[in-house]
Amino acid sequence: MENHPYAPAEIEPYWQAEWQEKSAFKIPNDIETLKTKPKFYVLGMFPYTSGAGLHVGHAKNYVPSDVFANFRRMQGYHVMHPMGWDAFGLPTERTAVRENEHPAHITERNTETFQQQMQRIGFSYDWSRKIDTSVPEYYRWTQWIFLRLYEKGLAYLADVPVNWCPALGTVLSNEEVKDGKYVETGDPVERRLMRQWMLKITAYADRLLEDLDVLDWPEGLKEMQRNWIGKSEGADITFKVKESDKTFTVFTTRPDTLFGATYCVLAPEHPLVSEITHPDDASAVNAYVKEAINKSDLQRTDLATKKTGVFTGAYAINPCNNAPIPIWVADYVLMTYGTGAIMAVPGHDERDHEFASAFGIPIVEVINGGEKPIEEAPFEGDGVCVNSDFLNGMRVADAKEKMIAWLESEERGTPQVQYRLRDWLFSRQRYWGEPFPLAHLEDGTIVQLPDEELPIELPPIDAYKPTEDGKPPLARADANWLKVTLPDGQTATRETNIMPQWAGSCWYYLRFLDAHNTEAPFDPELERYWMPVDSYMGGAEHAVLHLLYARFWHKVLYDCGLVSTKEPFQGLLNQGTILAQSYQDAKGKYYYPHEAEEKDGECVAKASGVSLQTQIEKMSKSRFNVINSDDVIDNYGADSLRLYLLFIGPFTASTPWQDAGVEGVYRFLQRTWRLVIDEDSGELSEKLTDAAGTTESELWRELHKTIKQVTEDTESIDKMNTAISQMMIFVNTATQAKSLPKEILKIFLHLLSPYAPHIAQELWHRLGETGFIALSQWPTHDEAVLTSATVTIIAQVNGKLRNRLELPADATEKEIEEAALTDERVQRFIEGKPIRKVIVVSKRNLINIVV
RNA sequence: GGUCGAGUGGUGGAAUCGGUAGACACAACGGACUUAAAAUCCGUCGCCUGUAAAAAGGUGUGAGGGUUCAAGUCCCUCCUCGACCA
């Protein structure tokens with residue numbers, strides 16, 4: 001009877017406690033000790049600690065980073081591999097309102113759950129460096145860094161359009177608004193100009209763009225950042241308003257088409273609209289503007305929607321030919337991009353063409369080269385200028401240059417670079433976030449609070465909602481908090497906005513380096529040792545915002561002389577999402593997997609019998625298809641969970657979760673267990689030997705093959721699935737062996753250890769070793785062991801495999817050719833046909849005979 | 001609509017620089033062990049022809065074309081899906 005089977009539930013908690021107690025993965029903070037070894041910084045994007053806890057989708061990110069950290073540690077590096085919590089933010093605040101509890105308590109509860117779940121997976125984090133963005137010890141320094149930005153003039157107040165929900169009395173993020181309504185309650189949302197804190201990220205647009213080149217990031221991700229920054233070069237051109245002394249400026253990337261401009265458009269928010277509108281048109285224009293302002297940018301610029309607009313009754317003068325052209329107001333022009341006004345060239349711009357066709361505005365061809373007549377379709381490609389006076393005959397690129405030069409000489413325009421990137425709206429009218437370390441004097445001047453006053457702690461308030469007169473929740477705080485006496489004796493009122501959730505994550509990777517420093521955000525020497533992050537891993541949903549914001553802050557810190565690298569994250573990989581089967585009825589209602597069953601080849605709900613649609617989609621709480629990591633660990637153990645998440649496919653691929661797949665890696669671990677342990681007795685297997693002189697054996701060769709492949713595949717991170725395949729092959733080979741030298745098994749356990757640390761440690765211990773295998777040295781393979789006396793030559797005729805030939809490894813090309821030509825099976829296919837060509841590819845062990 | 005990525009057995013996925021397609025698993029099927037079951041071990045497993053079973057052959061990586069001695073891999077056209085942007 002099997003009395004001593006592989007029992008992860010017993011060995012895993014034991015070794016987790018041992019690692020914790022002996023501080024196995026604690027990284028020294030002493031710079032002299034650190035300098036004795038090279039460094040490596042592996043960082044998984046820290047989680048937002050929602051109440052839902054950790055699911056296997058999170059683990060798909062953290063497991064490979066942990067394997068890699070283990071691997072580098074065994075290779076002799078000091079490895080920074082920390083974990084913490086992104087804890088400020090709206091979901092927690094909402095839970096706080098719902099459960100009538102302080103968000104700090106909810107955060108505490110959630111982070112505790114997360115940590116326990118992570119510890120059960122056996123991650124090798126240095127937990128002593130754990131950080132929480134919502135505690136004063138941390139956000140003190142977030143505020144401190146904000147003051148550095150403020151001092152550099154990178155933070156400013158501006159009136160910007162925001163999503164305002166009157167029913168809730170608060171501003172909402174774009175993600176929370178759909179079709180003009182708040183997604184959760186359906187309350188209407190309107191666009192409203194509000195005074196907000198902005199960060200001048202656009203001042204760094206060029207550097208954010210250029211420095212992408214030096215990063216080891218996936219090309220696609222860099223491209224996404226480039227698109228987001230959206231640099232375009234062109235010109236600002238000034239138009240005069242006819243019969244008026246007013247002018248307005250447009251930005252265009254196509255100054256070469258200026259002769260084709262047949263109208264201009266102002267954004268509905270443009271200040272000139274009310275000034276130039278003809279009295280006869282005023283009522284129509286006012287109505288249009290009022291309606292347009294409530295639409296989102298996306299609605300307004302969507303190519304699929306019908307263009308709308310209204311004529312102001314005023315005309316502009318085209319600066320290149322003095323032609324009067326009508327000025328319209330249309331919502332497809334945004335106040336936030338460029339100058340809020342455009343010159344419209346319907347012949348050579350799709351949206352202008354659509355608009356001009358709809359309103360009967362003339363369409364003029366100024367670039368020749370389109371396939372269809374210009375009235376039918378705009379031509380946006382390269383061609384030759386026509387109907388353009390001094391540009392005629394020039395190609396687009398030359399014409400652009402010429403036109404800009406002409407505009408400059410006439411003082412009617414200037415070359416201009418425009419970015420799609422907007423300044424960052426940095427304030428929120430919420431409670432659960434960092435208070436700004438700023439105050440307002442009575443006369444309206446803004447003053448920064450001294451560094452020594454930090455942290456500015458969140459005050460207790462009676463309700464997490466805006467005040468009756470529409471001020472942010474912090475305005476509910478006690479007067480003692482709201483009023484502040486400045487060092488010079490003046491009194492001021494504190495800023496009551498808070499920072500957005502992104503703030504804390506903009507620099508957390510730096511705080512890990514020196515998590516408990518009370519004098520500074522981090523020690524400069526430690527920063528110089530550890531930075532940059534060598535390998536940053538996380539979801540593609542952060543490909544733009546978080547990574548752009550963090551890069552921006554980092555560059556500001558660099559300019560302040562506070563960090564030594566221009567970029568924070570040298571290497572980066574996006575993990576694929578984990579998918580799972582979900583069940584949905586005709587009304588779109590989701591069901592849990594246990595509520596569904598298969599009946600007559602159809603999927604139905606157990607309770608009601610209604611038929612259900614199944615689909616494979618991203619794992620998420622709202623789709624009722626989340627697999628909790630704890631459940632998997634209860635059934636199979638953490639090592640199986642870890643192995644399965646890696647074996648399921650490459651790190652970067654999105655793959656569906658299949659319960660049955662876990663079974664496979666679990667069986668592999670059981671087989672591994674039985675190599676060492678006799679399940680009947682619980683003693684060491686009788687097949688184990690102390691033999692040393694076994695270097696000639698097949699098993700020894702398989703071991704070295706495994707060392708080689710596991711080392712290479714682990715190094716690439718993305719191929720850990722094939723590393724596990726090779727380990728399976730090794731265990732299968734070892735299972736068949738009549739005797740097993742302990743030495744071979746011990747070496748193998750090193751390879752397994754980063755992947756399945758608990759079982760590797762237990763078996764290592766059972767084989768009589770002391771200490772932690774996770775801290776021992778990674779083995780290297782011996783190439784000589786892998787070479788053998790004979791090789792298999794692939795013999796092809798006309799590119800088709802016909803036979804495999806066993807030949808001595810040192811056979812010459814001539815000998816290979818001879819052996820192939822005389823081979824009986826090969827002969828069958830070349831018989832009676834003239835041989836045209838023979839190709840021997842010796843490094844591929846292949847010969848191809850062409851007849 | 002644009003940009004980028006991906007389409008390989010019943011399933012997840014392997015396949016280095018163009019050189020043996022389907023590694024390793026899951027599921028399924030057959031066998032051994034067992035009173036029985038579970039577990040374990042052994043075997044089969046793209047499709048078609050062929051055979052009692054083999055042997056053997058053909059065909060095959062979304063579709064069509066091309067380059068090459070040789071294409072899952074490179075080039076062109078198209079289709080489908082995904083991500084991001086509009």
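From a predicted model like this one, the values you see are computed outputs, not experimental measurements. What's counted below: heavy atoms across the whole structure, side chains too, no hydrogens, waters or symmetry copies.
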Nearest-angstrom distance, [atom1] atom, [N] to [M]:
N: B:U61; M: B:U51; atom1: C1'; result: 29 Å
N: B:A28; M: B:C81; atom1: C1'; result: 28 Å
N: B:U73; M: B:G66; atom1: C1'; result: 15 Å
N: B:A86; M: B:C47; atom1: C1'; result: 45 Å
N: B:C24; M: B:G46; atom1: P; result: 13 Å
N: B:C84; M: B:G64; atom1: C1'; result: 30 Å
N: B:A36; M: B:C26; atom1: C1'; result: 27 Å
N: B:A23; M: B:C75; atom1: C1'; result: 29 Å

Q: Working to the nearest 0.5 Å, report the span between CZ of A:Phe730 and CD1 of A:Ile707.
A: 8.5 Å
Q.
Return the CG to CE distance between A:Leu572 and A:Met537, rounded to the nearest 0.5 Å.
A. 9.5 Å
Below the 4.0 Å mark, does [N] have OP1 or OP2 next to a side-chain nitrogen or oxygen of [X]?
X: A:Arg420; N: B:A86; value: yes
X: A:Asn227; N: B:A86; value: no
X: A:Lys800; N: B:A21; value: no

Q: Name the orientation of the base relative to the sugar in B:C4: syn if the glycosidic angle is within 90° of 0, else anti.
A: anti
Q) How would you label the glycosidic angle of B:G10: syn (within 90° of 0) or anti? A) anti
Q: Answer yes or no: are there more than 12 heavy-atom neighbours, outside A:Lys705 itself, under 6.0 Å from its atom NZ?
A: no
Q) Is there a side-chain contact between A:His58 and A:Met45, using heavy atoms and a 4.5 Å cut-off? A) no
**Q.** Min side-chain heavy-atom separation A:Leu763-A:Ile677 under 4.5 Å
**A.** yes
Looking for any heavy atom pair under 4.0 Å, which part of the strands does [X] touch: base, sugar-phosphate only, or nothing?
X: A:Leu846; result: base
X: A:Lys222; result: nothing
X: A:Asn845; result: nothing

Extract from the structure each pairing of a protein N or O with an N or O of nucleotides 8-12 of chain B at less than 3.5 Å, listing the distance.
from, atom 1, to, atom 2, distance (Å)
B:U11, O2', A:Gln658, NE2, 2.7
B:G12, O2', A:Ile648, O, 2.7

Where do N or O atoms of nucleotides 41-50 of chain B meet protein N or O atoms at under 3.5 Å, pair by pair?
from, atom 1, to, atom 2, distance (Å)
B:C42, OP1, A:Gln736, NE2, 2.9

Between protein and nucleic acid, restricted to nucleotides 55-57 of chain B and to nitrogen or oxygen atoms under 3.5 Å apart, what atom pairs and distances do you find?
from, atom 1, to, atom 2, distance (Å)
B:A56, OP1, A:Arg825, NH1, 2.9

Q.
Need to verify one output field. Residue with the more 5' nearest nucleotide on RNA chain B, A:Leu801 or A:Glu223?
A. A:Glu223
Q. Taking the nucleotide of RNA chain B with the closest heavy atom to each, which residue, A:Ala660 or A:Val544, is nearer the 5' end?
A. A:Ala660
Any salt bridge between [X] and [Y], counting N to O under 4.0 Å?
X: A:Glu354; Y: A:Arg351; value: no
X: A:Arg226; Y: A:Glu223; value: yes
X: A:Lys231; Y: A:Asp206; value: yes

Q. Quick check: does any side chain N or O of A:Lys687 sit under 3.5 Å from a backbone N or O of A:Thr735, one acting as donor and the other as acceptor?
A. yes
Q | Working for side chain to side chain contact (heavy atoms under 4.5 Å, CB included), residues A:Ile794 and A:Asn845 | A | CA-CA 6 Å; A:Ile794 303 304; A:Asn845 294 333; 5.6 Å; no
Q | Set of side chain to side chain donor-acceptor pair (under 3.5 Å) partners for A:Asp423, sequence neighbours left out | A | A:Tyr156, A:Thr202
**Q.** Donor + acceptor pair across side chains of A:Thr652, A:Asp718 (<3.5 Å)
**A.** yes
Q. Just by distance, with hydrogens left out, do A:His781 and A:Glu783 show a side-chain donor and acceptor under 3.5 Å apart?
A. yes
Polar atoms only, N or O, under 3.5 Å: list the protein pairs with nucleotides 66-70 of chain B and their distances.
from, atom 1, to, atom 2, distance (Å)
B:C69, OP1, A:Lys837, NZ, 3.4
B:C69, O2', A:Asn848, ND2, 3.3
B:C69, O2, A:Asn848, ND2, 2.6

Q: Could you go through the ring pair (Phe, Tyr, Trp, His ring centres under 6.0 Å) check for A:Tyr644 and A:Trp657 one step at a time?
A: CA-CA 9 Å; A:Tyr644 177 64; A:Trp657 177 273; 4.9 Å; yes
Q.
In dot-bracket form, 5' to 3', how is RNA chain B paired? Count Watson-Crick and G-U wobble pairs only if both distances fall under 3.5 Å, and write | where the partner sits on another strand.
A. (((((((..(((......[....))).(((((.......))))).((((......))))..(((((..]....)))))))))))).
Q: Could you go through the ring pair (Phe, Tyr, Trp, His ring centres under 6.0 Å) check for A:Tyr583 and A:Tyr590 one step at a time?
A: CA-CA 6 Å; A:Tyr583 303 85; A:Tyr590 280 100; 9.6 Å; no
Q: I would like to know whether A:Ser654 and A:Thr577 meet side chain to side chain donor-acceptor pair (under 3.5 Å); could you show each step before the answer?
A: CA-CA 5 Å; A:Ser654 294; A:Thr577 46; 3.1 Å; yes
